[in-house]
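Values below: all heavy atoms of this structure, side chains included; hydrogens, waters and symmetry mates excluded.
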Amino acid sequence: QVLLSESGGGLVHPGGSLRLSCTTSRSIFGSYSMAWYRQAPEKQRELVAQISSGGRISYADSAKGRFTISRDNVKKTVYLQMNSLKPEDTAVYYCTAGQMYWGQGTQVTVSQ
């Protein structure tokens with residue numbers, strides 16, 4: 001089992017930035033495609049960004065130009081740098097490995 005641990009969420013003003021991190025202790029991290037999803041209240045979980053084991057990256061339209069996903073296979077960590085945050089980015093953000101394993105989520109709140 002791959003255990004994922006997210007961190008970096010919090011409360012930020014509109015226009016601010018946060019960097020989310022997702023870490024696992026498993027050595028097979030490098031073989032998984034990693035992704036960040038988010039789920040806002042009363043909405044379905046949606047893909048934000050993903051990065052393959054080979055480094056191929058894709059973003060949801062809502063994240064393009066503002067968010068950056070990256071991974072460090074040595075540290076077994078995937079990051080989501082979020083800039084120019086908007087109130088509509090408010091959600092619980094989840095990290096997933098291959099959509100098979102999920103973290104517990106970290107709350108991001110964008111508000112005045």
Side-chain angles (χ1 to χ4, degrees):
Q1 186 176 2
V2 177
L3 299 179
L4 303 173
S5 178
E6 300 114 329
S7 62
L11 173 63
V12 63
H13 294 313
S17 298
L18 285 173
R19 187 175 83 154
L20 306 183
S21 300
C22 173
T23 300
T24 178
S25 60
R26 292 297 301 273
S27 60
I28 58 174
F29 170 85
S31 65
Y32 282 98
S33 176
M34 302 297 297
W36 288 95
Y37 281 72
R38 69 185 182 187
Q39 187 166 19
E42 301 182 358
K43 292 189 177 181
Q44 289 188 335
R45 190 172 296 189
E46 62 177 2
L47 176 67
V48 176
Q50 59 185 8
I51 181 167
S52 72
S53 58
R56 181 178 298 178
I57 292 172
S58 62
Y59 296 99
D61 287 344
S62 59
K64 289 178 180 177
R66 300 187 300 127
F67 294 2
T68 302
I69 190 171
S70 61
R71 66 189 297 162
D72 185 329
N73 289 340
V74 173
K75 294 182 178 180
K76 296 186 284 290
T77 300
V78 62
Y79 303 98
L80 185 67
Q81 176 67 44
M82 304 187 294
N83 299 327
S84 302
L85 283 162
K86 305 174 182 180
E88 51 263 45
D89 295 318
T90 295
V92 178
Y93 284 70
Y94 297 91
C95 169
T96 178
Q99 296 186 39
M100 295 174 59
Y101 305 100
W102 294 82
Q104 78 287 353
T106 186
Q107 176 70 46
V108 171
T109 302
V110 185
S111 175
Q112 293 284 5

Flag side-chain contact, heavy atom, 4.5 Å: Thr109 against Val12
no
Taking the side chain as everything from C-beta on, heavy atoms only, tell me whether Val108 gets closer than 4.5 Å to Leu20.
yes
Donor + acceptor pair across side chains of [X], [Y] (<3.5 Å):
X	Y	answer
Ser31	Ser53	no
Ser17	Asn83	yes
Tyr93	Gln39	no

So which heavy atom on [X] is nearest to which on [Y], and how close?
X	Y	answer
Leu80	Ala49	CD1-CB, 4.2 Å
Cys22	Met34	SG-CE, 4.5 Å
Arg66	Ser84	NH1-O, 3.0 Å
Ala60	Leu47	CB-O, 3.3 Å
Tyr59	Phe67	CE2-O, 3.3 Å
Gln107	Thr90	NE2-CG2, 4.0 Å

Does [X] reach the main-chain N or O of [Y] with its side chain, forming a donor-acceptor pair under 3.5 Å?
X	Y	answer
Arg38	Ala91	no
Ser33	Gly98	no
Asn73	Lys76	no
His13	Ser111	yes
Thr24	Leu4	no
Thr96	Trp102	no
Glu6	Cys95	yes
Thr106	Gly9	yes

Of the options Gln50, Gln99, Arg45, Glu46, which is the one that meets Tyr37 in a side chain to side chain donor-acceptor pair (under 3.5 Å)?
Gln99
Side-chain heavy atoms under 4.5 angstrom apart, residues restricted to Ile, Leu, Val, Met, Phe, Trp, Tyr: same cluster for Val74 and Ile69?
no
Joint cluster assignment, Met82 & Leu11, ILVMFWY side-chain distance < 4.5 Å
no
Please step through side-chain hydrogen bond (donor to acceptor under 3.5 Å, both in side chains) for the pair Thr23 and Thr77, ending with a clear verdict.
CA-CA 4 Å; Thr23 300; Thr77 300; 3.1 Å; yes
Validate the cation-pi geometry between Arg19 and Tyr79: distance from NZ or CZ to the six-membered ring centre under 6.0 Å, angle to the ring axis within 45°.
yes
Do Asp89 and Lys86 sit within salt-bridge range, that is, some charged N less than 4.0 Å from a carboxylate O?
no
A quick test of your reading: do over 12 heavy atoms of other residues, nucleotides or ligands sit less than 6.0 Å from CD of Gln44?
no
